Amino acid sequence: MTHRIVLLPGDGIGPEVTDAARAVLEAVAHAYGLSLAFESHDIGGCAIDTDGDPFPAATAQACADADAVFLGAVGGPKWDGGGPRPEAGLLALRKTLGAFANLRPITLFPGLEHLSPLKEDRVAGTDMLIVRELTGGIYFGDKVEGDETASDLCSYSRREVERISRIAFEAARRRSGRVTSVDKANVLATSRLWRNTVVALRDAEYPDVELDHVLVDAMAMKLIERPSAFDVILTENMFGDILSDEASVIAGSIGLAPSASLSESHGGLYEPIHGSAPDIAGQGKANPVGAILSAAMLLRHALKANDAATAIEQAVADCLSEGISTADAGGTASTDEVKSAVCDNIAKTH
Ligand code: NAD
Ligand code: IPM
Ligand code: MN
């Protein structure tokens with residue numbers, strides 16, 4: 001059986017890290033006898049340049065028909081001057097696929113403690129999973145875009161909160177059995193609905209899971225104070241966006257962090273959490289690890305190819321422990337050198 005994977009390289013460093021993820025998928029497919037068929041399409045700024053639309057109909061159709069979608073990154077200063085925004089393409093993609101459950105694991109690789117901006121004793125043992133709601137909240141509410149006033153409506157339904165909470169509670173049962181729900185219930189109505197819904201679901205269906213609540217401003221502080229205290233972090237769309245960038249750098253670099261965005265009706269969307277990094281695009285400096293680990297998440301979640309996913313994760317960990325990494329992660333290797341080293345490790349160990 002051939003698995004159809006749509007690649008959306010996008011803008012900036014997107015194509016560079018997507019090339020690495022594809023090479024690693026091909027290496028692991030060869031080693032594990034998987035049949036993968038790749039198709040590439042435009043999204044974001046490059047799609048605006050060719051189609052005038054950040055999410056062209058042909059891209060939307062190909063993604064809907066695929067078994068899984070992999071995205072590099074979108075955006076950049078070229079499209080900041082008015083007109084359609086590249087980021088709108090990514091948001092439309094997430095909505096179209098129903099990719100509501102964004103899993104952002106933040107793991108400190110053994111031996112890389114010194115890369116953290118935090119003291120080594122504080123960062124040791126950091127291993128958390130941020131479960132970010134991805135298709136609701138302030139990102140998708142009605143907007144008023146005026147010169148004098150502007151507004152973005154933040155709304156959540158009980159159903160939206162329940163389904164993302166279920167993902168977090170299930171993950172907690174496979175991990176340490178603890179969920180920290182992050183909200184702003186002292187100010188926001190959506191956060192009070194969020195908290196009530198999370199508590200009701202836990203009481204009704206997950207009484208074995210330990211649940212606590214932290215306000216988002218305090219969470220920003222606690223994350224740097226004691227990152228290893230957290231396991232599963234459940235939060236809404238915008239808070240999850242912000243806290244995951246913060247958490248990523250605690251574990252060394254945003255370039256290392258992967259994500260999976262799961263849907264009830266599709267194999268899902270897989271993308272590193274970083275953006276198009278215009279400051280380093282085209283220089284061979286981009287860390288491909290976040291993208292490569294996103295490819296591993298694709299294999300695990302969309303294709304149920306757990307052994308192949310684990311092989312990628314092990315090959316990446318081996319490279320990092322051998323000191324083969326890009327500058328953001330303390331090394332001197334180029335994007336392509338990391339890519340080749342991961343592929344070689346897969347071939348060697350299989
Ligand atoms: P960014 O994540 O692109 O970059 C932030 C910093 O991290 C930069 O210094 C960059 O060089 C560095 N960095 C990011 N990824 C790296 C990697 N793989 N290797 C080494 N260093 C890396 O965030 P930004 O600068 O705020 O945003 C740039 C553009 O990307 C904006 O247009 C934004 O909207 C877009 N963006 C897209 C996505 C996405 O497509 N999923 C995510 C975030 C931001
Ligand atoms: C991310 C990005 C996106 C988000 C942008 C580019 C729309 O920052 O994937 O974290 O805010 O979700
Ligand atoms: Mn982000």
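All residue numbers refer to positions in the sequence shown, counting from 1. Only a predicted model underlies this, so the values are computations on that prediction, with no experimental measurement involved. Both ligands and their constituent atoms are indexed starting at 1 by order of listing.
For atom 8 (C) of ligand 1, the candidate residues are Asp279, Leu8, Asp328; the nearest heavy-atom contact is made by Asp279. When the options Gly45, Gly275, Pro288 are ranked by their closest heavy atom to atom 23 (O) of ligand 1, first place goes to Gly275. Residue Ala277 holds the heavy atom nearest to atom 3 (O) of ligand 1 of all those in Gly89, Ala73, Ala277. With Gly75, Ser276, Ala329 as candidates, the residue nearest to atom 29 (C) of ligand 1 on a non-hydrogen basis is Ser276.
If you number the atoms of ligand 1 from 1 as listed, the ones under 4.0 Å from a heavy atom of Ile13 come out as 15 (N), 16 (C), 17 (C), 18 (N). Residue Arg104 has at least one heavy-atom neighbour below 4.0 Å for each of these atoms of ligand 2: 1 (C), 9 (O), 10 (O). Those atoms of ligand 1 that come under 4.0 Å of a heavy atom in Pro278, given as number and element, are 28 (C). Near Gly255, the atoms of ligand 1 lying under 4.0 angstrom from a non-hydrogen atom of the residue are 17 (C), 18 (N). Here is the list of ligand 1 atoms found below 4.0 Å of a heavy atom in Leu90: 39 (C), 40 (O), 41 (N). Which parts of ligand 1 touch Ile254 is read off a 4.0 Å heavy-atom cut-off, strictly below it: atoms 7 (O), 13 (N), 14 (C), 15 (N). Per-residue contacts place Ala286 under 4.0 angstrom from the following atoms of ligand 1 (heavy atoms of the residue considered): 19 (N).
Using a non-hydrogen distance threshold of 4.0 Å, Val17 does not register as a contact of ligand 1. At least one heavy atom of Arg132 sits under 4.0 Å from some atom of ligand 2. Taking a 4.0 Å cut-off on heavy atoms, Val74 registers as neighbouring ligand 1. No heavy atom of Gly290 sits closer than 4.0 Å to any atom of ligand 1.
Neither the backbone nor the side chain of Ser253 comes within contact range of ligand 1; no heavy atom lies under 4.0 Å. Using a 4.0 Å cut-off between heavy atoms, Thr326 makes no contact with ligand 1 at all. Residue contacts with ligand 1, taken as heavy atom pairs separated by less than 4.0 Å, do not involve Asp80 at all. Both the backbone and the side chain of Asn287 come within 4.0 Å of ligand 1, counting heavy atoms alone. Counting heavy atoms closer than 4.0 Å to ligand 2, residue His274 contributes nothing at all. Using a 4.0 Å cut-off between heavy atoms, His274 contacts ligand 1 through both its backbone and its side chain.
Heavy atoms only, all atoms of each residue included: Ser259 and Ser294 are closest at N-OG, 3.3 Å.
Checked against Asp231 for a salt bridge (Lys or Arg N to Asp or Glu O under 4.0 Å), the options Arg175, Arg173, Arg178 give a single hit: Arg175.
In this structure, the protein non-hydrogen atom closest to atom 11 (O) of ligand 2 is Tyr139 OH, 2.5 Å. Ranking the protein heavy atoms by distance from atom 2 (C) of ligand 2 puts Asp241 OD1, 4.0 Å first. Considering only non-hydrogen protein atoms, atom 31 (C) of ligand 1 sits nearest to Glu87 OE2, 3.8 Å. Atom 22 (C) of ligand 1 has Ile280 CD1, 4.0 Å as its closest protein atom, hydrogens excluded (heavy atom only).
The shortest N or O to N or O distance between Glu271 and ligand 1 is below 3.5 Å. Considering backbone and side-chain N/O atoms, Glu87 never comes within less than 3.5 Å of an N/O atom of ligand 2. Taking only nitrogen or oxygen atoms, main chain and side chain alike, Leu71 does not reach within less than 3.5 Å of ligand 1. Considering backbone and side-chain atoms together, Arg94 places an N or O closer than 3.5 Å to an N or O of ligand 2.
In this model, a donor atom of one side chain and an acceptor atom of the other lie less than 3.5 Å apart for Thr326 and Asn287. Between the side chains of Ser261 and Arg132, no donor-acceptor pair of N or O atoms lies under 3.5 Å.
Judged purely by atom type and a 3.5 angstrom limit, Asp152 has no side-chain atom pairing as donor or acceptor with the backbone of Tyr139. Listed for the Glu271 side chain is no donor-acceptor partner under 3.5 Å among the backbone atoms of Ile273. Not a single donor-acceptor pair under 3.5 Å links the side chain of Glu210 to the backbone N or O of Asp212. Under the 3.5 Å distance criterion, the side-chain polar atoms of Ser263 are matched with a main-chain donor or acceptor of Leu97. Arg4 places a side-chain N or O within 3.5 Å of a backbone atom of Asp65 that can act as its donor or acceptor partner.
Between Asp318 and Lys348 there is no salt bridge, since no side-chain nitrogen of the basic residue lies less than 4.0 Å from a carboxylate oxygen of the acidic one. Classification of Asp328 and Lys285 as a salt-bridged pair fails, no side-chain N sitting under 4.0 Å from a carboxylate O. The pair Asp19-Arg22 does not count as a salt bridge, with every side-chain nitrogen at least 4.0 angstrom from each carboxylate oxygen. Salt-bridge annotation for Glu205 and Arg166: present, with a side-chain N of the basic residue lying under 4.0 Å from a carboxylate O of the acidic one.
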Show, in sequence, the C-alpha distance, side-chain angles and deciding distance for Leu256 and Leu293, and conclude whether the side chain to side chain contact (heavy atoms under 4.5 Å, CB included) test is met. CA-CA 8 Å; Leu256 297 167; Leu293 293 175; 5.7 Å; no
Residue pair Tyr206, Leu211: steps toward the side chain to side chain contact (heavy atoms under 4.5 Å, CB included) verdict: CA-CA 10 Å; Tyr206 299 93; Leu211 171 67; over 6 Å; no
Can you list the steps and then say if Val28 with Leu299 is a side chain to side chain contact (heavy atoms under 4.5 Å, CB included)? CA-CA 10 Å; Val28 86; Leu299 291 173; 3.7 Å; yes
Which is it for Arg85 and Glu87 under the salt bridge (Lys or Arg N to Asp or Glu O under 4.0 Å) test, yes or no, and what are the steps along the way? CA-CA 5 Å; Arg85 290 204 61 96; Glu87 294 82 355; 3.1 Å; yes
Stepwise, does the side chain to side chain contact (heavy atoms under 4.5 Å, CB included) test hold for Arg202 with Val179? CA-CA 10 Å; Arg202 196 281 305 263; Val179 170; over 6 Å; no
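Using bins of under 30°, 30° to 60° and over 60° for the plane-to-plane angle, the ring pair His301/Tyr270 lands in the parallel bin.
Using a 4.0 Å threshold on non-hydrogen atoms, atom 26 (O) of ligand 1 does not count as touching the protein. Counting protein heavy atoms under 4.0 angstrom from atom 37 (C) of ligand 1 gives one or more. At least one protein heavy atom sits closer than 4.0 Å to atom 42 (C) of ligand 1.
When the Mn ion (ligand 3) is compared with the N/O/S atoms of Asp241, atom OD1 turns out nearest.
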